[in-house]
Amino acid sequence: MKQMKVKENLTDVIWDKVLALFLIIAAFITVAPFIYVVAGSFSTEKELTERAFFLIPHTISFNAYKYIVQTGEIFRGLKNSIILTIIGTFSSLFFTSTFAYPLSKVHFKGRNLILNLVIVTMLFSGGLIPTFLVVKHLGLYNHFAALILLGAISPFNMIIMKGFFAGIPNELEEAAIIDGYSDLGVFVKIFLPLSKPVLASIGLFCAVGYWNDYFSAMIYLSDSYKETVQIVLRRIVLLASGGDQINNSLFDFDMFGAPPDKAVKMASTMVATIPILCVYPFLQKYFAKGVMVGAVKG
């Protein structure tokens, strides 16, 4: 029996081609600046001066990365940022999930009052100076704990996770209770395994937030050995913008000499960006499901 082929309308075919072309152009516009930063980090001063925009450098130089490596500060910042991001992300997931789970239960007394208080925190904050005074009086100043606890619970993420927990059928919880599970056992054995998409999505948002946060680290950390990669990157950018020349005698550069300030900025940006980009492939399969949380189900 011959399969019947659906004849496509000419208008639909043209529209699909136009849409595909538009998406390709939009993707290129989005990716091109990142490729330019990559290419610029390997470029020489002559090329950066003569060419306003390029995606492939004519001459490749690793001097900008040699400068970053031999200064050593960027790797200390990377280590601190990795530690802060890992601990902060798991802490945020722990506090957010344990806070959202009881609020997802209709029979929980005081549920609406607590939700209203949470919503108030989304609209109003204590302010920078009162928060700084609280952190200092609690003895958290110049400790990673200050950065971790300040971002431990996001009201928005908590509400999203609460909605996901509320969407899990009650029959699963009832069956687990019949099997002898406690409330904690139901949460750990039933709800958390079913919540991998939302946990991955919120975990990714938290990780990116901790990694990119430099203002809190600048305010609450005074020890240079505890500086995150964003603080180190900020210092490198400010020094490069100040017009200070890099001393060739202190570094092992090749025939192209000291790297230009612009190349150092781009190389620093790449070193600070690549680690967090490596997280996306591991969470991609869960992230695609997690972004649909809150969508209308038919």
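Here the structure is a predicted model, which is why all the values come from computation and not from measurement.
Put simply, CD1 on I83 and OG1 on T228 are 12.0 Å apart, with the number rounded to the nearest 0.5 Å. A distance of 12.5 Å separates CZ of F95 from SG of C206, quoted to the nearest 0.5 Å. For the atom pair CG of L103 and CG of L115, the computed distance is 5.0 Å after rounding to the nearest 0.5 Å. Atom NZ of residue K226 and atom OH of residue Y220 lie 15.5 Å apart, to the nearest 0.5 angstrom.
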Please list every donor-acceptor pair under 3.5 Å in which a side-chain atom of residues 270-277 meets a protein atom from a residue at least two apart or in another chain.
unit_1 : atom_1 : unit_2 : atom_2 : d
T273   : OG1    : T269   : O      : 2.6

List the atom pairs, donor and acceptor, that lie under 3.5 Å between side-chain atoms in residues 166-186 and the rest of the protein, sequence neighbours left out.
unit_1 : atom_1 : unit_2 : atom_2 : d
E173   : OE1    : K105   : NZ     : 2.8
S182   : OG     : G185   : N      : 3.2

Report, one line per pair, each donor and acceptor closer than 3.5 Å where one atom sits in a side chain of residues 147-162; sequence neighbours left out.
none

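Considering only residues two or more places apart in sequence or on other chains, I14 meets the side-chain contact (heavy atoms from CB on, under 4.5 Å) condition with L10, V18. Taking the ring pair (Phe, Tyr, Trp, His ring centres under 6.0 Å) definition, one finds that F144 meets it with nothing, sequence neighbours left out. Annotation: side-chain hydrogen bond (donor to acceptor under 3.5 Å, both in side chains) contacts of E227 (sequence neighbours excluded): R235. Every residue meeting the side-chain contact (heavy atoms from CB on, under 4.5 Å) condition with I25, not counting sequence neighbours, appears here in chain and number order: L21, I29. Applying the side-chain contact (heavy atoms from CB on, under 4.5 Å) criterion to S222, with sequence neighbours excluded, gives Y141, N142.
Atom CZ of F94 has 12 or fewer heavy atoms from other residues, nucleotides or ligands within 6.0 Å. Within 6.0 Å of the CG atom in L19, the count of heavy atoms belonging to other residues, nucleotides or ligands exceeds 12.
Applying the side-chain hydrogen bond (donor to acceptor under 3.5 Å, both in side chains) test to residues at least two apart or on different chains, none of the pairs has a partner in residues 79-90. Counting only residues at least two apart or in different chains, ring-ring contact (aromatic ring centres under 6.0 Å, His included) contacts with residues 24-43 comprise Y36-F53, Y36-F54, F42-F62, F42-Y65.
The hydrophobic cluster of Y225 has no other members, since no ILVMFWY side-chain heavy atom comes under 4.5 Å of it. Residues near V106 contribute nothing to a hydrophobic cluster around it, because no ILVMFWY side-chain heavy atom sits closer than 4.5 Å to its side chain.
When all heavy atoms of A39 and I56 are compared, the pair lying nearest together is CB-N, 4.3 Å. Of all heavy-atom pairs spanning K189 and P193, the tightest one is O-CG, 3.3 Å.
Under a 3.5 Å cut-off, the side chain of D213 and the backbone N or O of G209 do not form any donor-acceptor pair.
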* Asked: Is there a side chain to side chain contact (heavy atoms under 4.5 Å, CB included) between I202 and F164 once you walk through the steps?
  -> CA-CA 12 Å; I202 292 179; F164 189 90; over 6 Å; no
